[in-house]
2 protein chains.
Amino acid sequence: MESLGGAGLRSGGARSQVIDLLAQQSCCRSAQEICDELRQEGSAVGIASVYRALEALEGMGLVQKTDLGEGSRMYEPVIPGGDHHHHLVCESCGRITPFEDERLERAIHDLADGRKHTATVHEVVIRGNCSSCRS
Amino acid sequence: MESLGGAGLRSGGARSQVIDLLAQQSCCRSAQEICDELRQEGSAVGIASVYRALEALEGMGLVQKTDLGEGSRMYEPVIPGGDHHHHLVCESCGRITPFEDERLERAIHDLADGRKHTATVHEVVIRGNCSSCRS
DNA sequence: ACGATGTTGATATTCATTATCGTCAAGGTA
DNA sequence: TACCTTGACGATAATGAATATCAACATCGT
């Protein structure tokens with residue numbers, strides 16, 4: 001929250017609500033889902049403010065935008081030094097399963113280094129069928 | 001081309017033109033780009049036919065849809081047994097650089113296996129700054 | 001209190017994608 | 001050949017996510 005002030009931004013109602021909601025989520029949410037959930041809690045946030053907040057947070061590296069190919073983009077919090085995951089998407093039931101893999105992370109970083117390309121963010125999406133859908 | 005007939009589809013003009021164009025491309029193109037390029041060559045393809053062709057090809061596993069976060073989705077041919085690459089996206093100049101990495105592929109497949117999740121397709125996008133933009 | 005500046009929600013707008021529709025070409029049958 | 005069924009075609013309308021606009025409102029420094 002202090003980082004907002006540092007970037008010359010104030011924390012109006014809508015923005016802080018989006019931050020609070022995202023902080024409680026472990027995995028991704030779409031802008032519409034975030035807006036709906038906040039409205040169900042009684043606040044009158046507009047969808048525009050949600051997009052604005054997400055854009056600002058993304059610029060600060062606190063939120064990562066991901067596209068899982070299901071029509072709308074998904075947003076999830078980036079916990080500095082904390083868990084960093086990617087997604088398995090089931091093509092049959094649509095379920096999204098997060099996963100973490102140290103070996104994959106190392107491969108990606110080494111690769112970017114070798115190409116002299118900085119890797120601010122990266123995303124990995126694996127599509128297929130989950131174990132329950134295959135049985 | 002024969003695979004079209006096998007799937008109960010005929011190869012009308014538009015579809016084969018999309019196939020021909022994609023076969024010549026090594027990296028990704030948006031639907032609009034494909035449509036524009038075909039029109040510049042003199043054919044009167046409609047954008048709807050391009051989407052239809054891409055959808056059919058994707059269903060057959062001959063085309064992979066990718067979202068690089070630049071507004072529109074990108075499509076690229078899948079060459080069976082041939083080169084299989086992912087993308088580095090420069091956040092500064094927007095350039096898209098394809099890359100191939102065997103170690104990354106192995107990590108992804110082992111990971112999916114361990115989770116009993118089939119991996120029909122997967123995509124990796126690395127965002128950062130390319131070497132020319134950093135200097 | 002007051003003005004400058006940033007934020008808000010509603011809404012209009014843009015733009016990629018999908019659905020619809022009438023037309024047309026290809027194949028099959030007699 | 002003539003006819004008919006089926007599927008593909010291009011144009012365009014419709015959908016829906018994301019962005020831009022705008023007037024009203026907060027917040028902060030003075």
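Below, all heavy atoms of this structure are taken into account, side chains as well, without hydrogens, waters or symmetry copies. Naming: A, B, ... by sequence-line order, numbering from 1 per chain.
- Among the atoms of the strands shown, base atoms are found under 4.0 Å from some heavy atom of Ala48(B).
- Comparing atom distances between the Tyr51(A) side chain and each of dA18(D), dA8(D), dT17(C) picks out dA18(D) as nearest.
- Put simply, Arg73(B) has no side-chain N or O that comes within less than 4.0 Å of OP1 or OP2 on dA16(C).
- When the nucleotides dA8(D), dA18(D), dA10(C) are ranked by their closest atom to the side chain of Arg39(A), dA10(C) comes out on top.
- Relative orientation of the His84(B) and His122(B) rings is perpendicular, given thresholds of 30° and 60° on the angle between their planes.
- Between Ser49(B) and dG10(D), a side-chain N or O to OP1/OP2 separation shorter than 4.0 Å is present.
- Within a 6.0 Å radius of CZ in Arg95(B), no more than 12 heavy atoms belonging to other residues, nucleotides or ligands are found.
- Remark: His87(B) engages His85(B) in a ring pair (Phe, Tyr, Trp, His ring centres under 6.0 Å) (not counting sequence neighbours).
- Take the nearest nucleotide of DNA chain C for Gly71(B) and for Glu55(B): the residue whose nucleotide is more 5' is Gly71(B).
- The nearest heavy atom of DNA chain C to Ser43(A) and to Ile47(B) marks one nucleotide each, and the one closer to the 5' end goes with Ser43(A).
- Distance check, rounded to the nearest 0.5 Å: CG of Asp36(B) to CD1 of Ile47(B) gives 7.5 Å.
- Counting only heavy atoms from C-beta on, Arg52(B) has its side chain closest to dA11(D) among dA11(D), dA18(D), dT17(C).
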